[in-house]
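First up is the structure itself, then whatever we jot down about it.
Letters A, B, ... mirror the listed sequences (proteins, then strands); counts begin at 1.
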2 protein chains.
Amino acid sequence: MSAATTLKRSRQRDAILAFLKTRKDHPTADTVYMSVREEFPNISLGTVYRNLTLLTDLGMIQKLSMGAGVPDRFDATIVPHYHFVCTECGNVMDLDMNTMEEVNRIAGAGFDGYIAGHVTYFYGQCNHCLNAKNNC
Amino acid sequence: MSAATTLKRSRQRDAILAFLKTRKDHPTADTVYMSVREEFPNISLGTVYRNLTLLTDLGMIQKLSMGAGVPDRFDATIVPHYHFVCTECGNVMDLDMNTMEEVNRIAGAGFDGYIAGHVTYFYGQCNHCLNAKNNC
DNA sequence: ATAATTTCAGTAATCATTACTGTTTTGTTT
DNA sequence: AAACAAAACAGTAATGATTACTGAAATTAT
């Protein structure tokens with residue numbers, strides 16, 4: 001059905017991907033927009049969203065959905081890894097740990113469907129927020 | 001600071017909680033709205049949201065945030081348990097497995113903040129959708 | 001260069017959720 | 001039991017993130 005639509009390069013998409021690769025803090029679409037705007041003052045937020053979605057579909061970046069209200073975040077690191085969300089400042093950071101493949105088996109043991117994978121977010125207080133508290 | 005605001009009962013809130021307790025499929029706010037409407041035709045969606053949020057804050061129900069775009073779901077079962085999301089039909093169901101307390105330790109090992117807990121969703125195809133596929 | 005098609009900028013629309021406002025309930029106090 | 005103060009309501013408007021639409025500009029193959 002779907003005619004294989006040929007992908008054309010665009011300066012805007014290149015800039016969006018390039019920016020994401022410089023960041024380790026999983027920026028939101030709006031943050032990407034603000035930054036890429038410096039190079040392309042006329043870029044529109046819709047273009048940022050469209051390209052972030054496209055890059056995600058292409059498997060070149062990954063989208064992190066953090067729950068209702070909170071905006072999505074984007075990560076140029078596509079190798080599987082877990083994330084930590086600070087409940088104080090809302091920042092999202094990478095965790096240095098192996099993927100827990102075995103939990104899929106554990107979950108599947110008492111379940112009559114197929115478990116393809118899992119998404120886990122750890123939460124708590126980041127180092128920075130812990131230190132800020134001690135300074136009272 | 002905050003003057004302890006006294007909670008007053010309301011028929012609407014009672015109905016919302018009663019409905020949630022009859023369901024095992026974690027309905028959305030809109031589903032709750034549709035149902036409670038049968039008893040209270042004039043109830044407004046805002047009332048449903050306000051009470052779902054209030055009940056969540058009171059710890060009487062729990063809110064499941066499933067990521068951007070997708071509406072929140074609500075669960076009258078407050079004992080900790082994991083959830084499965086079917087990528088075909090979008091239904092959310094309970095998993096019969098123990099909570100994995102130890103993964104917080106594992107995650108905290110190489111991290112310099114405080115890990116309070118984790119949220120995990122398993123995904124894949126539910127039994128119903130698997131069977132539907134085989135019937136082609 | 002030209003044509004075919006994608007991508008763009010700008011803007012409007014959508015969807016879930018929250019906030020506001022004047023009225024109704026509720027629980028308490030006489 | 002009537003009166004009062006506070007909470008909750010219905011109805012509606014506003015918000016915030018994201019997607020869809022439209023005519024113009026950029027990209028790639030011919």
Treat primed atoms plus P, OP1 and OP2 as sugar-phosphate and everything else as base, then score nucleotides 18-30 of chain C 5' to 3': B for base contact with protein heavy atoms under 4.0 Å, S for sugar-phosphate contact only, - for none. B-------BS---
Backbone N/O of A/Pro27 and side chain of A/Arg73: donor-acceptor pair under 3.5 Å: no
Nearest-Å distance, OH (A/Tyr33) to P (D/dG16)? 16 Å
For D/dC9, does either OP1 or OP2 sit under 4.0 Å from a side-chain N or O belonging to B/Asn51? yes
Atom CZ of A/Arg37 to atom C1' of C/dC8: distance rounded to whole Å? 15 Å
Strictly distance-based, threshold 3.5 Å: is any side-chain N or O of A/Thr53 a donor or acceptor partner for the main-chain N or O of A/Tyr49? yes
When you measure from every atom of DNA chain C, which of residues 19-30 of chain A have a heavy atom less than 4.0 Å away? none
From CG of B/Asp14 across to P of D/dA8 the rounded distance in Å is 12 Å
Ring centroid separation B/Phe111 to A/Phe84 under 6.0 Å: yes
B/Asp75 side chain to B/His83 side chain, donor-acceptor N/O pair below 3.5 angstrom: yes
Check for a donor-acceptor pair, side chain of A/Thr22 on one end and backbone N or O of A/Phe19 on the other, with a separation under 3.5 Å. yes
Separation of D/dG11 P from B/Phe40 CZ (nearest whole Å): 13 Å
Using whole Å, report how far CG of A/Leu64 lies from P of D/dT18. 12 Å
Has B/Tyr114 got a side-chain atom pairing as donor or acceptor with B/Gly108's backbone, closer than 3.5 angstrom? no
DNA chain C: 5'-proximal contact among A/Arg13 and B/Arg73 (nearest heavy atom): A/Arg13
Estimated bend of the helix from C/dA1-D/dT30 to C/dT30-D/dA1 (axis per five terminal pairs, rounded to 10 degrees): 30°
If we ignore hydrogens and angles and just use 3.5 Å, is the side chain of A/Thr87 paired with the main-chain N or O of A/Gly124 as donor and acceptor? yes
Between A/Asp112 and B/Asn127, what is the shortest heavy-atom contact and its length? O-ND2, 2.9 Å
In terms of heavy-atom contacts, does CG of B/Asp96 have more than 12 from other residues, nucleotides or ligands at under 6.0 Å? no
Looking at A/Thr47, I'd like to know whether one of its side-chain N or O atoms comes within less than 4.0 Å of OP1 or OP2 on C/dA9. yes
For atom CG of A/Asp72 and atom C1' of D/dT18, their distance in whole Å: 9 Å
More than 12 foreign heavy atoms under 6.0 Å from CG of A/Asp57: is that the case here? yes
Whether the side chain of A/Thr56 engages the backbone of A/Leu52 through a donor-acceptor N/O pair (distance < 3.5 Å, no angle test) should be reported. yes
Just compare C/dT6, D/dG11, C/dA9 and give me whichever is closest to any side-chain atom of A/Asn42. C/dA9
